[in-house]
Each structure stands twice: as C-alpha cells, then as structure tokens.
Amino acid sequence: MRLFDTLSRSERELRPIDGSSFRFYCCGPTVYGPAHIGNFRTFVIQDVLRRTLETGGTRTLHVRNITDVDDKTIRDSQAAGRSLTDFTADWTGKFHADCEKLGLLPPHIEPSAVAHIPQQITMIETLVEKGNAYASDDGSVYFRIASFPGYGRLSRLDARELDLGKTQNARATSDEYEKDSLSDFVLWKARRPEDGENFWPSPWGEGRPGWHLECSAMIQEYLGPSFDLHSGGVDLVFPHHENEIAQSQCACGGHFAAHWFHITHLLVDGGKMSKSLGNLYTLEDLAAKGHSAMEVRYVLIGAHYRKPLNFTLDSLHGAREALAKLAKGARALAARIGPEARLVSADFGPFQAAWDSLTHDLNTPAALGGIFTGLRKAAPLSGADAAAALAGLNRLLRALGLVLPEEAAADSGEIPTEVQALAETRWQARLAKNWAEADALRARLAEHGWAMKDGKDAYTLEPLGA
RNA sequence: GGCGGAGUAGCCAAGUGGUAAGGCAAUGGUUUGCAAAACCGUCAUUCGAGGGUUCGAUUCCCUCCUCCGCCUCCA
C-alpha cells in the first residue's frame, strides 16, 4: 500500500525492510487520566493502518508504549495521594478497556517507560561517550543539538529558527537548567523535591529520564536501529520525534524510522477541543449520551487522517444510522447466498474501489463511500456471486475494524410489565379498530418512554430515543 | 513573527485541469387506520472572496478573509 511520509513529503510504498513483517512503533498514551476522542483518532487510524496491512497479507509487529513517568503522572499521582505505580496502573487499565471497546487490536508489544529505565540510562551513557550529550552541574544530562547536523529535517526547522524560538523562553528556563545551547533538550532530569519518591539512581546521580528518551530506548530494545514506520499525532513532530531521531541515530547508528506517519488533530464543533469549552469528550462522556464506541470509531475514520476532522454529536447520530444501513445491506447480501458453499473471494468484487481507496494513503472516508456504492452494485448478485461479494465486504470491514450492530433482539424481559400491559390493551383496541383509544394508548406508552410499532401480526416495543 | 495544514450542499465528508463519491438530515411516492419500519425516488450549474493562466479551474498561480496545528515534556 501507499502512504504519505512526513519526512520526504511524498507518498511511498510500504514494504517491510526485513522482508517478512512490517515493524512499526506508535507513541502511546501518557496514563494520568482518561484518553479523549482526540487521542483515539490517532490510535484508531493507526489500528486501521495495521489492519489494512494485515488484510493485504503483510505480517506486522506493532509496538506501542505506555508513558508512565513524566511531570503529569507524578503531579497527579501525588495529588491523588497514591503511588505512581498504582496510579498509572489504573489509568493504563482504563485505557485498555477503552481500546477494546473501540475494537483496537492490542499491540504485540506494549513496553512501559518505568520498566525500561536501565535501557534509557545505557543509551544516555552512549550519547555522552560519543560526545552527543553532556552532564550539567546539577546532575541533569542534555543532548547537544549542535552535534547532530540533521536536526530539524523532519519538522523543517533550521538552527536559526530554533534559536529564535527558544530565546523567547530563555528567562523561564535559564534559571533552572544549565544548557550549552537553549535548544538542547534534557535526557536525564536531576531529582527535584517535587518528584517525591519517583527517582532512580544513575551515573549522574538520582533523577528520572526525559520524555523523549523513553521511545528511543524502547525502539532500540524491540525494533533495533532501523525499522519500518513510526507514528503519532502531528503535535509530536516537533520536538518529540525530531529529538528521537537525533538520539537514536547518534546512539545506535541506522536510519531509525523508514517512514513517518502523522495523524492530524480533530476539532470539536469547528474549534479547538479543550476542557474549558466543555467539549473534551471521553468514551465515557459519549456513552452517557447514549453513543457506542463503535459509533465513535465510525466518526473517527470518517475523515482522511491528514485533514482536520470536525467532531460533532450530530455526526455520532449519522454514524449510528450509517452503521445500521451497512448492517442491513450485509444481511440482505447474506440472505441471497442460498445453500451454495461459501466462497472465499480472491478479490473485493464490487468493493474493489473501496479497497483501492484504503490502500492509497489510507483514504478511509473514500473507502466508506465505496462500501455503500459496492452494496448497491452487489444488489443484483445472488448465490456464489453474492457469497464472493460478501466475503469481500467482510474483509473490508475487518480492515476498517468495524463491527456491525446485530439485529435488535426483542428482549421482552427488559420491558416493564406496566408497559407490556398497556401495549397489549392497545393491540386489542387496534384489532377492534378503535383508533381513538389506540392512539391515546400509544401516547401513554410514549410517556413511559416506549414506542409501539405495529406489524402485520404482532407489534414491537422499543425504548424512545434509542 | 517563523513553519505547516484546512475552508466543498442544513451537517459530516471524498475527489479532480474537462465539467462535483458517500453518509446524516430534509423531502416526494409505495405501504400503513395513522405512524414507525421497509422499498423506490429527489436533493451543490457549484466547490471561502477577488483577480490571473487555460479551449476549459473547484482542481494551477497571485492577493485577501477565516479556522487549526507546531515553534517549552499536548494524539
């Protein structure tokens, strides 16, 4: 498949450099609170990339880290009066639960920063030995940007711009750190009182690793000096990924990531998502409004990953209807297969255009459009042709990670007896063609929150607003 | 200020130098006691604004407006 690469600014074919499996790394969550839908846009798109590769027959090795030590995790665990370990374990669990609801495949390897302190120290030692890093008097260690000529290539910042940018903040940081250059970033942070019990011994004294370093160290541990793809939200391009490149290429040699895959941020109601505006949604927030995680997933893949996505509650409603329509279409297709043996399709049949969209820079919205169009094209098919089309459709849905809703099961057990009694009375009134009473009873059912729908020989009851 | 991205119907959103996918909503019809559901239709002479290049531009160029991201450890 072809995918846009941030570094070369061009679309490139994805091919595993080791010839067997496609090995990629995704910057994972910082576990100090619930992830929001903005975070999940990135993780869902990464999941679609993996699923698309696998659907296309490529084996993958997916590594995604957990950041469980940094300023925020330390600050919030202390505010909660809990140990860092307990605090981050809880939020990691919550993250995993959300991922499962969204249908995200678990990474093959999910390393935590705290579990890889020795590897991080080793990498810093290497950088110091090679002259790419230096210790300051307070026991912190910094990366010397001047020692890496390639710095700024990914984000297209040249040295002059970097210095200008940092100058504005010189006063804020110069009292705290002794850096040779204001642009230099920290690899090891000397222990400070506000760190509490969260520090580790090192050759430079007690402290903790800097954020940028953890990814480099874990990538070296699990993927080595060169691997296929590195991914994250656009905000990570600078400085996080720029710093990773500098650290890893200096310490390990190799070309580091062959491909850079960045996902654009989403907007909410046309603007920035923020807590103060009250539009920073978590899965839990949306579930409380009656929206399933699969509906959220549908919305998140409803725009191309390099374009802003405008998330609205209205689009969630649209997602529900669209998913229902897909499910209906799939059921209709399955119903036309008949008794013939189910065939495994070699291609995507009527859904070929949808698959082509997906493999051309992961155009998920065009793929969704292609599915609806394919369903229309498949309408006249029956028997073995329908079976092949359905197989193609299912492969596509698997690549997108969409799980279609089942047909609503009539679960009479959950209907209050009072409501059932009203419904039965109304049914009798209706059979007696007593329309006035029937309508009045339907209004009363509505007051109880239920909608009664008349069929030919029976009726169904559904909760209103479902 | 520097760098990068975006503005397509009421909403979400593809796409292209050759005359605008798809979904939601809306709306007409069939059906229904009426509804709902289902099924069959309709729904952008137009792509932020103004210029330019071209036989032809939404697509390329210029200017302007608006929004978003990064420029201190936010996906």
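Sequence lines set the chain letters: A, B, ... in the order given, protein chains first and strands last, and positions in each chain run from 1. Small disclaimer: the values here were computed from a predicted structure and weren't measured.
A salt bridge links A/K189 with A/D71: at least one charged nitrogen is closer than 4.0 Å to a carboxylate oxygen.
For A/E194, the salt bridge (charged side-chain N to carboxylate O under 4.0 Å, His left out) criterion is met by A/R192, not counting sequence neighbours. Applying the salt bridge (charged side-chain N to carboxylate O under 4.0 Å, His left out) rule to A/E437 yields no partners; only residues at least two apart in sequence or on another chain are considered. Remark: A/E424 pairs with no residue by the salt bridge (charged side-chain N to carboxylate O under 4.0 Å, His left out) rule, at least two apart or across chains. Residues passing the side-chain contact (heavy atoms from CB on, under 4.5 Å) test with A/N132 are A/L127, A/K130, A/F143, A/S147, A/C250, sequence neighbours excluded.
Rounded to whole Å, the distance from NE2 on A/H230 to P on B/A75 is 13 Å. For A/W435 and B/A36, the CH2 to C1' distance is 15 Å, given to the nearest whole Å. Atom CZ of A/R41 is separated from atom C1' of B/A6 by 12 Å (rounded to the nearest Å). Rounded to a whole Å, the CH2 atom of A/W450 is 20 Å from the P atom of B/A36. In this structure, the CG atom of A/L283 is 14 Å from the C1' atom of B/A75, given to the nearest Å. Taking atom NE2 on A/H241 and atom P on B/C71, their separation rounds to 13 Å, with Å as the unit.
In this structure, A/P29 reaches neither bases nor backbone, as no heavy-atom distance under 4.0 Å exists between it and the strands shown. Using a 4.0 Å heavy-atom distance criterion, A/I371 is classed as making no nucleic acid contact.
Taking side-chain N and O atoms only, A/N363 has no distance below 4.0 Å to OP1 or OP2 of B/A14. Side-chain N/O atoms of A/K72 include one lying less than 4.0 angstrom from OP1 or OP2 on B/C74.
For the P atoms, the distance linking B/C55 with B/U63 amounts to 24 Å, nearest Å. With both ends at atom C1', the span from B/U8 to B/U59 equals 12 Å, rounded to whole Å. Comparing B/A9 with B/U45, their P atoms are spaced 11 Å from each other, to the whole Å. The same atom, C1', is picked in B/U19 and in B/G23; the two are 24 Å apart, to the nearest Å. B/U32 and B/A14 have their C1' atoms separated by 38 Å, with the value rounded to a whole Å.
Side-chain atoms of A/D439 come within donor-acceptor range of the base of B/G33, with a qualifying N/O pair under 3.5 Å. Within 3.5 Å, a donor on the side chain of A/R426 pairs with an acceptor on the base of B/G33, or the reverse. The base of B/C73 sits with one of its N or O atoms less than 3.5 Å from a complementary donor or acceptor on the side chain of A/K189. For a distance-only test at 3.5 Å, the side chain of A/D454 qualifies as a donor-acceptor partner of the base of B/C34.
You'll find that the side chain of A/T312 is closest to B/C11, out of B/C11, B/A75, B/G5. Side chain of A/R9, nearest nucleotide from B/A35, B/C74, B/G5: B/G5.
Sorted pairs that involve residues 24-42 of chain A and meet salt bridge (charged side-chain N to carboxylate O under 4.0 Å, His left out), not counting sequence neighbours, are lacking altogether.
Aromatic ring pairs are classed by plane angle as parallel below 30°, tilted from 30° to 60° and perpendicular above 60°; the pair A/W260 and A/F256 is tilted.
No hydrogens or angles considered: a donor-acceptor pair under 3.5 Å links the side chains of A/S112 and A/D68.
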Nucleic acid footprint by protein, nucleotides 20-25 of chain B - heavy-atom cut-off 4.0 Å, B for base, S for sugar-phosphate alone: -BSSSS
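Residue-nucleotide stacking is present for A/H265 and B/A75, judged by a side-chain ring centre under 5.5 Å from the six-membered base ring centre and planes under 30° apart.
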